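Inspection log for the structure reproduced underneath, given as structure tokens.
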Amino acid sequence: VVAPKLSGVQWIYAGTAWTWFEPIRLDDRFHVDARLVKQEIKHGRRFPRWVLQTGKIKYINQWDRIAGTAIGRCARTPRGDDLISSNKPKPEQESSGPHRYTADEIEDIESQVLAESRRGSDVLYWDDVEPGDEVPQVVRGPLSVIDIMAWYSGQQGATHYGGVHGDAIRYRQRHKDYHINKQTGAKESAGRGHLETATGQDVGMGGAYDIGPQRIAWAQHMMTNWIGDHGFLHALDVSVRKPNLVGDTIWWKGKVVGKEMRNGYGVVDVVVRATNQNESMSADGTATVILPTRDGGPINFPIPSPLT
């Protein structure tokens, strides 16, 4: 995400369009080029006035090849008193608390989570895929604070919020990017809304909520489970549509909408969609995968140009 700071304004991850041209291998090294390419004032239902920031990132490996690109979208929205004064409460902000499941519902969700399969070394050939085919679902939830902490621990830590202790103080002095804890008066990262219901409500999300890339990573799991070790996830473009709150369960599903040979590669296009336990759409987008063909053999890397 490329999202220059705006003092006192909340930032909400909105989605990313990734394109990969070759696998990332152990010990690969990258030079990263990140630029803000667009900043637009928007008007909408949840926030009368907000800003959409779009940035492009290139990942250039040690061979001086672009291994992948990411076009990230970030919404900058009011928070705290500014949110209250600029907007009437919306359903997300009036959350009545986490969803309550029956014991049978929990048992059913757990069985679906455990039923997740991985193709592994079993080859999926382009020749055997047809439009209308369903991609086996991936189920995640009910979301817990521990799930969110595990993502932070393994992926980004507190980096996006300036770090901790002295690093965090220096960061807040530079950017004026903080949330006042109403109980202690201390300056804290607004990112605590991912872990705490009150702060999540204060930034307009309705409660403690997941990290957007975490949710999209589950779509990546779904796609790579399906294509196996011999397929290649070439592109994934997902938009996050609404908060995924603690207690929510997400069902990621995909459907093949097209296949063709492009520049000698067997390409398959898929629509992906995530819904929650209330059947509300949580995120949606598209994926493009490259599969080996029976006549052409394995995939040749790097992919010379986007095939989307």
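Everything quoted here is computed from the prediction, not taken from an experiment. Quick note: residue numbers are just sequence positions, from 1.
Aromatic ring orientation, Trp18 versus Trp20: parallel (interplanar angle below 30°, classes split at 30° and 60°). Ring-plane geometry between His234 and Phe21 is classed as perpendicular, the angle between the planes exceeding 60 degrees on a 0 to 90 degree scale with a lower cut at 30.
Here the straight-line distance linking atom CG of Asn276 with atom NZ of Lys242 works out to 5.5 Å at 0.5 Å rounding. A distance of 8.5 Å separates CG of Asp33 from CD1 of Ile66, quoted to the nearest 0.5 Å. Rounded to the nearest 0.5 angstrom, Trp252 CH2 and Arg273 CZ are separated by 10.0 Å. The line from CD of Gln277 to CG of Leu143 is 10.0 Å long, rounded to the nearest 0.5 Å. Rounding to the nearest 0.5 angstrom, the gap separating the OG atom in Ser144 from the CE atom in Met149 is 9.5 Å. The OG1 atom of Thr249 sits 10.0 Å away from atom CD of Glu110, with the distance rounded to the nearest 0.5 Å.
No donor-acceptor distance shorter than 3.5 angstrom exists from the side chain of Lys259 to the backbone of Asp269, with no hydrogens or angles considered.
Counted within 6.0 Å of NE2 on His43, heavy atoms from surrounding residues, nucleotides or ligands total more than 12; the atom is thus considered enclosed. Other residues, nucleotides and ligands contribute at most 12 non-hydrogen atoms within 6.0 Å of the CD atom of Gln183. Summarising the local packing, CG of Asp64 is surrounded by 12 or fewer heavy atoms from other residues, nucleotides or ligands at distances under 6.0 Å. Surrounding CZ of Arg49 are at most 12 heavy atoms belonging to other residues, nucleotides or ligands under 6.0 Å away. In this structure, Glu107 places its CD atom where only 12 or fewer heavy-atom neighbours from other residues, nucleotides or ligands lie under 6.0 Å away.
With respect to Lys253 and Asp284, no salt bridge is recorded, no charged nitrogen being found less than 4.0 Å from a carboxylate O. Using a 4.0 Å cut-off between charged nitrogen and carboxylate oxygen, Arg73 and Asp237 count as a salt-bridge pair. Glu116 has a carboxylate O that lies under 4.0 Å from a charged side-chain N of Arg140, or vice versa, which qualifies the two as a salt bridge. Under a 4.0 Å N-O distance rule, the pair Asp28/Arg25 does not qualify as a salt bridge.
Trp226 places a side-chain heavy atom less than 4.5 Å from the side chain of Val256. Side chains of Tyr152 and His194 form a contact here, defined as non-hydrogen atoms less than 4.5 Å apart. Contact of the Ile109 side chain with the Trp251 side chain is registered, since non-hydrogen atoms from C-beta on lie closer than 4.5 Å. Side-chain contact between Arg29 and Asn61 is absent, with no heavy-atom pair separated by less than 4.5 Å. Looking at heavy atoms from C-beta onward, Val240 lies in side-chain contact with Tyr13 at the 4.5 angstrom threshold. Residues Leu245 and Pro98 fail the side-chain proximity criterion, which asks for heavy atoms closer than 4.5 Å. The shortest distance between side-chain heavy atoms of Asp128 and Tyr125 falls below 4.5 Å. Side-chain atoms of Val270 and Val135, non-hydrogen and from C-beta on, do get closer than 4.5 Å to each other.
Note on Val32 and Ile71: separate hydrophobic clusters, where clusters join Ile, Leu, Val, Met, Phe, Trp and Tyr whose side-chain heavy atoms are under 4.5 Å apart, directly or indirectly. Residues Val257 and Val289 fall into different hydrophobic clusters, defined by Ile, Leu, Val, Met, Phe, Trp and Tyr side chains chained together at heavy-atom separations under 4.5 Å. One hydrophobic cluster, built from ILVMFWY side chains closer than 4.5 Å, cannot hold both Ile299 and Ile24; they sit in different ones. In terms of hydrophobic clustering, with Ile, Leu, Val, Met, Phe, Trp and Tyr side chains grouped at heavy-atom distances under 4.5 Å, Met281 and Val139 are assigned to different clusters. Linking Ile, Leu, Val, Met, Phe, Trp and Tyr whenever their side-chain heavy atoms come within less than 4.5 Å leaves Trp63 and Phe301 in two separate clusters.
When all heavy atoms of Ala168 and Gly163 are compared, the pair lying nearest together is CB-O, 3.5 Å. The minimum heavy-atom distance between Pro292 and Pro298, with the atom names listed, is CB-CA, 4.3 Å. Contact record, Val267 with Trp126: O-NE1, 3.2 Å, taken as the closest heavy-atom pair. In this structure, Ala217 and Trp151 approach most closely via the heavy-atom pair CB-CZ3, 3.9 Å. Nearest heavy-atom pair, Leu52 versus Ala75, reported as atom, atom and distance to 0.1 Å: CD1-N, 4.4 Å. Contact record, Arg294 with Asp127: N-OD1, 3.0 Å, taken as the closest heavy-atom pair.
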Can you list the steps and then say if Asn225 with Arg119 is a side-chain contact (heavy atoms from CB on, under 4.5 Å)?
-> CA-CA 6 Å; Asn225 286 350; Arg119 182 174 300 275; over 6 Å; no
Arg215 and Asp248: salt bridge (Lys or Arg N to Asp or Glu O under 4.0 Å), yes or no, with the steps?
-> CA-CA 12 Å; Arg215 198 182 330 168; Asp248 284 351; over 6 Å; no
Could you walk me through whether Ile250 and Thr275 pass side-chain contact (heavy atoms from CB on, under 4.5 Å), step by step?
-> CA-CA 6 Å; Ile250 292 294; Thr275 56; over 6 Å; no
Would you please test Ile211 and Ile148 for side-chain contact (heavy atoms from CB on, under 4.5 Å) and show each step?
-> CA-CA 7 Å; Ile211 299 95; Ile148 298 170; 3.3 Å; yes
Show your working on side-chain contact (heavy atoms from CB on, under 4.5 Å) between Lys56 and Val2 and close with a plain yes or no.
-> CA-CA 7 Å; Lys56 184 171 184 178; Val2 182; over 6 Å; no
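When Gln220, Gln214, Met222 are each tested for a side-chain contact (heavy atoms from CB on, under 4.5 Å) with Trp218, only one passes: Gln214. Each of Asp229, Leu291, Val268 was checked for a side-chain contact (heavy atoms from CB on, under 4.5 Å) with Leu124, and the lone residue meeting it is Leu291. The only member of Val272, Thr286, Thr16 that meets side-chain contact (heavy atoms from CB on, under 4.5 Å) when paired with Val238 is Val272.
Looking at Gln53 and Arg76, their side chains do bring a donor and an acceptor atom within 3.5 Å of each other. The closest side-chain donor-acceptor pair between Arg241 and Ser282, if any, does not fall under 3.5 angstrom. Side chain to side chain, Gln112 and Gln137 meet the donor-acceptor criterion of an N or O pair below 3.5 Å. When only modelled atom types and interatomic distance are considered, Thr293 and Tyr265 share no side-chain donor-acceptor pair under 3.5 Å.
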